[in-house]
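Treat the numbers as computed from the prediction; the structure is a model and nothing was measured. Order of the sequence lines fixes the chain letters, A, B, ..., with proteins taken first and strands second; residue numbering starts at 1 for each chain.
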Protein chains: 2
Amino acid sequence: MKETFGEYIKSLRTENELTLTQLASKLDLDSANLSKIENNKREFDEKRLELLANVFNLDLAKLRTEFFSDIIAKKIYDNNCDSETLILAEQKVEYLKSKNLTTI
Amino acid sequence: MKETFGEYIKSLRTENELTLTQLASKLDLDSANLSKIENNKREFDEKRLELLANVFNLDLAKLRTEFFSDIIAKKIYDNNCDSETLILAEQKVEYLKSKNLTTI
DNA sequence: GTAATTTTGTCAAAAATTGACAAGTCAAAT
DNA sequence: ATTTGACTTGTCAATTTTTGACAAAATTAC
C-alpha cells in the first residue's frame, strides 16, 4: 500500500539521516513547513520536485508520478468520490488527448 | 468516449434549448463566463453542482463523479502524467481510507 | 442589414497558497 | 532539572490564483 507523498519524503529523509532543518535547507524551504508537508498538512510544491530528485538521486519522472498521484488521491479522498471517478477520468484523459484540447 | 464537463453542460443546455444567458442566470453566473466554462477556458465551480443538477433534473451523485473526474483528467492531461498515475492514485486513496487521514 | 447569441479580453475583488517566524512539545544528554 | 536539538503547531502578511463582472468583438439567425 502506497504512502502519501509527505510520508515518502519523511522516509527518504530519515533513511538518509537528515534532520528537517538539513533537508529543508537543501529544498530551499522552512523546516516548519517541511514538517507540515511530511505530516500531510501542506502540499509539497511542484517546483521543488527537481530539487528533491537531485537531493536523493531519484528518477524525476517517477517522482512526478508519485507527486501527481498523491494530489489526485487526496482530491478523491477529500471529496468522497466514488470508485467510478478514476475510470471516468481515464476516459476523459483519452478524450482530451484525442482532441488535443488546450485546457486552462 | 467521454466529453469534458464543459461540453457536457453545453449539450445539456442546447438539448434543452436554452441560451447561455438563460442557463447562466439559472446558475447565478455571467453568460460570458458560462461560455468559457463550456469551452474549457474556465472551471465550473463545485458550489454550483447542486443548482445544475436541479436545473436539468440530474442525479447529483453522478454529476459529482462527472465533475471530479473532469478535474482529475485535466490535471493528468495538462501535466503529461504517465498511465501509472491513476493506478498509483487508486492505491493512495485506499491508503488514505485505511489510515483515516485528515489531509489539507 | 440588424438583432440575438456566443466568444474573447481585461481587470479589480475575493479566495487560496506560500514563506516566514514565534512558540510550543518532546526526548536525550549532561 | 536544565539545556540542547529535533520536530510540530499556530499565525499572518505577502504572493499567487481564481472569480465575477463588464465591454467589446465575432458569429449566427432572421
Side-chain angles (χ1 to χ4, degrees), chain A residues 3-52 55-56 67-68 70-79 99-104, chain B residues 3-52 55-56 67-68 70-79 99-104:
Chain A
E3 65 204 335
T4 66
F5 196 74
E7 289 163 2
Y8 178 51
I9 292 177
K10 183 167 201 160
S11 64
L12 284 169
R13 180 174 65 79
T14 52
E15 276 162 22
N16 287 273
E17 290 172 20
L18 293 173
T19 65
L20 279 169
T21 310
Q22 287 171 326
L23 179 55
S25 120
K26 286 176 198 290
L27 296 175
D28 186 29
L29 199 57
D30 185 284
S31 67
N33 290 331
L34 179 54
S35 166
K36 286 172 196 160
I37 290 169
E38 289 188 349
N39 294 298
N40 304 305
K41 303 198 186 309
R42 272 212 190 187
E43 291 298 343
F44 188 78
D45 196 308
E46 189 190 349
K47 71 175 179 236
R48 273 184 261 263
L49 277 180
E50 203 170 338
L51 216 44
L52 182 63
V55 170
F56 293 117
F67 173 77
F68 284 112
D70 201 78
I71 290 177
I72 291 165
K74 278 172 182 162
K75 179 140 275 167
I76 290 176
Y77 177 70
D78 291 340
N79 292 289
K99 288 265 200 170
N100 235 291
L101 275 182
T102 306
T103 60
I104 311 145
Chain B
E3 64 204 335
T4 65
F5 195 75
E7 289 163 2
Y8 177 52
I9 293 176
K10 183 168 199 158
S11 65
L12 285 169
R13 178 174 66 80
T14 52
E15 277 163 22
N16 287 273
E17 289 171 23
L18 294 173
T19 66
L20 279 170
T21 310
Q22 287 171 326
L23 178 54
S25 119
K26 287 177 198 289
L27 296 175
D28 185 29
L29 198 58
D30 185 284
S31 66
N33 290 331
L34 179 53
S35 165
K36 287 172 195 158
I37 289 168
E38 289 186 349
N39 294 296
N40 304 306
K41 303 198 184 311
R42 275 213 186 185
E43 293 297 345
F44 187 79
D45 196 307
E46 188 190 350
K47 70 175 181 238
R48 273 184 262 261
L49 277 181
E50 202 169 339
L51 216 44
L52 182 63
V55 170
F56 293 117
F67 173 76
F68 285 111
D70 200 78
I71 290 177
I72 290 165
K74 278 172 181 162
K75 178 139 275 169
I76 289 177
Y77 177 70
D78 291 340
N79 292 289
K99 288 267 200 168
N100 235 290
L101 276 180
T102 309
T103 60
I104 312 144

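The shortest heavy-atom contact between A:L34 and A:A24 is CD2-N, 3.5 Å.
Between A:F56 atom CZ and A:E15 atom CD the span is 9.0 Å, to the nearest 0.5 Å.
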- Sugar-phosphate atoms are those with a prime plus P, OP1 and OP2; base atoms are the rest. Using that split, label each nucleotide of nucleotides 25-30 of chain C B, S or - for protein heavy atoms under 4.0 Å, 5' to 3'. ------
- Message: Output one letter per nucleotide in nucleotides 7-13 of chain D: B when a protein non-hydrogen atom lies under 4.0 Å from the base, S when only the sugar-phosphate is that close, - when neither is.
- Response: SBBBB--
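Among A:L52, A:I37, A:I71, the one residue that satisfies the side chain to side chain contact (heavy atoms under 4.5 Å, CB included) test with A:F5 is A:L52.
Atom CD in A:Q22 sits roughly 10 Å away from atom C1' in D:dA6 (whole-Å rounding). Separating the CG atom of A:L29 from the C1' atom of C:dC21 is a distance of 14 Å, rounded to the nearest angstrom. Going from atom CD of B:E7 over to atom C1' of C:dT6 covers 16 Å, rounded to whole Å. The separation between A:K75 atom NZ and C:dA16 atom P is 12 Å, rounded to whole Å. Atom C1' of nucleotide C:dT6 and atom CD1 of B:I37 are separated by 14 Å, given to the nearest angstrom. Atoms CZ (B:F44) and C1' (D:dT19) sit 14 Å apart, rounded to a whole Å. Distance CG (B:D45) to P (C:dA14): 16 Å, rounded to an integer number of Å. C:dT5 atom P lies 13 Å from atom CD of B:E17, rounded to whole Å.
B:D70 and B:T4 are not linked by any side-chain donor-acceptor pair at a separation below 3.5 angstrom, with hydrogens and angles left out of the test.
Judged as a salt bridge (charged side-chain N to carboxylate O under 4.0 Å, His left out), and not counting sequence neighbours, B:D30 has no contacts.
Counting heavy atoms of neighbouring residues, nucleotides and ligands inside a 6.0 Å radius, atom NZ of B:K36 exceeds 12 of them. Surrounding NZ of A:K26 are at most 12 heavy atoms belonging to other residues, nucleotides or ligands under 6.0 Å away. Within a 6.0 Å sphere centred on CD of B:Q22, other residues, nucleotides and ligands contribute more than 12 heavy atoms.
Taking the charged nitrogens against the carboxylate oxygens, B:R13 and B:E38 do have a contact shorter than 4.0 Å, which makes a salt bridge.
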